[in-house]
Structure formats: C-alpha cells, structure tokens
Amino acid sequence: MIRMHHLPAHIKQALQPYWKDGETPDVFPSIFRIGEKDYYFFTFAPTEEQLIIERTGRVPPFDEAKRIDLITTDFNHSIETAHLAAVKWVKGPLEENYKKLKRILHQAEQQLTSYPTSIQSDFKVFQQSVDEILAEQNHVKEHLNKIIEIWDVAKESELVTESDQIQARMHRKEMARAVYRQNNQQLLTEQERMRFIQYIKSKRSLINPSAIALSMKLKSYEKYMLNKKYHEVGMEELKQIVSQDHVTLAEEPKASDILTHLRNP
C-alpha cells in the first residue's frame, strides 16, 4: 500500500504548497488510473479538504480535477461503507438473532397446533418474514464480500481503475437495497407479528406451560425488531439511497459539497 513516506520526492514537492499549518496530509493507499492518466488522492485531516495530483507531479486545475475527485471520493466511500457494514450489518447480532428466532417459531409450530385461523395466518406471515430477512442478509454479505475483494486487489496492486470504482459502487448500492428490503420486511409485517405475540401472551397460564415458555422466548426478540414508530426516519434515508439508480456521480446530492473541498486551483 502507498504511504506518505513512500511517496516520490516530486510528489511531495507538488503537495507542499497545498498543505496548511496544523493539517496532517494523507494519501489514498492506491493510485487511481482514470482514462490514460494516474492520480494520487490526498486528504488533509482534520479538514475535509482534498487534492488530486497526477503521477507526473502536475496538479490539474479544478475543472479538470473535479471528475477525478468525484470518482476517487466515491470509491473511498464504498470502502468506508464496507467497513461500517461489516461491523453493523454482518458482524452484529442480527443474523444470529434471526436464526434463533426461526428455531423458536419452528418450536411454536410444533407445540401449539390449535391457533385460530386468523392467528395461523399471522403466524405464517411472521415465519415468512424471518426467512426473507435471513435471505436478504445473505445478499448483504455477498455484496460486502465483493467490495472487500475489489479492495484487497487494489491494496495489493496499489492501483484502482475506474471499472473498480463502478463495480464497488454497484455492490454498495445493492448492499443498501438488501438492507432496505430487510428492514422494510420487518415494518410491513409488524402488525401480524404483534398480533401473534399478543395472542401467545394471552394464553399464558399454569395449565399452558408451552405458552409461558414461548412468550418468554419471544419477549427477548421484540426489542430489536424494527417498528414504524421509531424507524421511519432511518428507512427514509435508506430509501433515498436505493432510489438513486441512474444518478451519475455529478448528480449525487453530495457532489457539490464534495467539490467545495477540492483544493485543486
């Protein structure tokens, strides 16, 4: 991987005029090959400022550099999203919790066979929603792994191509779509889920130990299931991401803000 102390002398010299006191410049670990040219991508902590420098040491003017900046920033965003997703969506407890919930519902199907027709219907919806959530979790992992593969190759070769950026962006959006469908499934089936849980609670008694045990098991899963009252805002943010299918980098809502931090003259 490329590091600041590995940079050629002519790149350090080109960087010097754009490096302000109190800042710590950093270079992206790979060179970006866009078109027929290679570029270094720099950031300046603690600010959000960025700088594009050609491999030759030339600092391209703003109008020339802005497309490069959007491509490099988008690829960086894909890598950051993958790291966050690995912690929040994959390494978190969601998958294991839903696998346990699936086993609990299977037990419920075996133990409690005399549900009213309406509750049977709610129960089936509940079961199917768990299956679909787990299926979407597999999609999240598939697309996350694809981004990680792209990143591993880029680190090893110290090179990112525009094709890499496009592929990583596609997998990032597909991952967000899977999470959206996963969360939406929880919200769409909230009423059926709650009716079934409330029915089980209503059947708790000393002569019905199965209902007591089942109610206690389900209770621990109520707290992490999404509901409309508390999660509509977060879902709206995800919805905006997945709805931007054909939006170019320049048309992205954050594009103008990104470019305001570009230091190329």
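The residues of the chain are indexed from 1 along the displayed sequence.
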Side chain proximity check, [X] to [Y], heavy atoms < 4.5 angstrom:
X	Y	answer
E80	R172	no
H83	I79	yes
L218	L214	yes
H143	R177	no
E64	R58	yes
M4	F42	yes
I11	Y40	yes
Q50	T72	no

Regarding [X] and [Y], does a basic nitrogen lie under 4.0 Å from an acidic carboxylate oxygen?
X	Y	value
R263	E23	yes
R193	E190	no
K66	D69	no
E95	K99	yes
K124	E109	yes

With R169, the salt bridge (Lys or Arg N to Asp or Glu O under 4.0 Å) member among E162, E252, E174: E252

So which heavy atom on [X] is nearest to which on [Y], and how close?
X	Y	value
S30	V160	CB-CG2, 3.7 Å
A82	L144	O-CD1, 3.2 Å
A255	A250	CB-O, 3.6 Å

Keeping the roles fixed (side chain from [X], backbone from [Y]), state whether a donor-acceptor pair exists under 3.5 Å.
X	Y	value
S215	I212	no
S129	F126	yes
N264	P60	yes
N145	K141	yes

For F123, check ring pair (Phe, Tyr, Trp, His ring centres under 6.0 Å) against everything at least two apart and list the hits.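 Checked F123 against ring pair (Phe, Tyr, Trp, His ring centres under 6.0 Å); matches are Y115, F196.
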
Do [X] and [Y] belong together in a cluster built from hydrophobic side chains that touch within less than 4.5 Å?
X	Y	answer
W151	I31	no
V27	L159	yes
V59	I52	no
L262	Y18	no
V125	L105	no

Take I68 and K37 through the test side chain to side chain contact (heavy atoms under 4.5 Å, CB included) and record every step on the way to the result. CA-CA 10 Å; I68 313 302; K37 293 183 179 180; over 6 Å; no

Non-neighbouring partners of N138 that pass side-chain hydrogen bond (donor to acceptor under 3.5 Å, both in side chains), sequence neighbours left out: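 Expected list: none.
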
Using the rule given for side chain to side chain contact (heavy atoms under 4.5 Å, CB included), can you reason through K146 versus E142, listing the C-alpha separation, both sets of side-chain angles and the distance that settles it, and then say yes or no? CA-CA 6 Å; K146 291 295 184 182; E142 287 171 11; 5.8 Å; no

Should we say atom [atom1] of [X] is surrounded by more than 12 heavy atoms from elsewhere, each under 6.0 Å from it?
X	atom1	answer
K201	NZ	yes
K254	NZ	no
K155	NZ	yes
E96	CD	yes
R67	CZ	no
H106	NE2	no

Decide yes or no on side chain to side chain contact (heavy atoms under 4.5 Å, CB included) for L249 and Q165, but give the supporting numbers first. CA-CA 11 Å; L249 292 178; Q165 175 263 320; 3.8 Å; yes

Enter the distance from [X]:[atom1] to [Y]:[atom2] here, rounded to the nearest 0.5 Å.
X	Y	atom1	atom2	result
T81	M175	OG1	CE	6.0 Å
I104	K102	CD1	NZ	13.5 Å
K219	I200	NZ	CD1	14.5 Å
S202	I197	OG	CD1	12.5 Å
I133	T189	CD1	OG1	6.0 Å
I2	L7	CD1	CG	7.5 Å

Set out, in order, the CA-CA distance, both residues' side-chain angles and the distance that settles side chain to side chain contact (heavy atoms under 4.5 Å, CB included) for I71 and Y39, then state yes or no. CA-CA 11 Å; I71 290 172; Y39 301 89; over 6 Å; no

For a side chain to side chain donor-acceptor pair (under 3.5 Å) check, start with the C-alpha distance between E136 and H139, then their side-chain angles and the critical distance, and finish with the verdict. CA-CA 5 Å; E136 294 297 349; H139 292 150; 3.1 Å; yes

Parallel under 30°, tilted from 30 to 60°, perpendicular over 60°: which one fits the rings of F28 and F75?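 Rings of F28 and F75: perpendicular, over 60°.
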
Paired with Y98, the side-chain hydrogen bond (donor to acceptor under 3.5 Å, both in side chains) test is passed by just one of R103, Q186, Q182, namely Q186

Do D164 and T161 meet the criterion of a side-chain donor-acceptor pair at a distance under 3.5 Å?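 Side-chain D/A pair, D164 to T161: present.
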
Quick one about E251 and T248 (side-chain donor to acceptor, distance below 3.5 Å, no hydrogens or angles considered), yes or no? yes

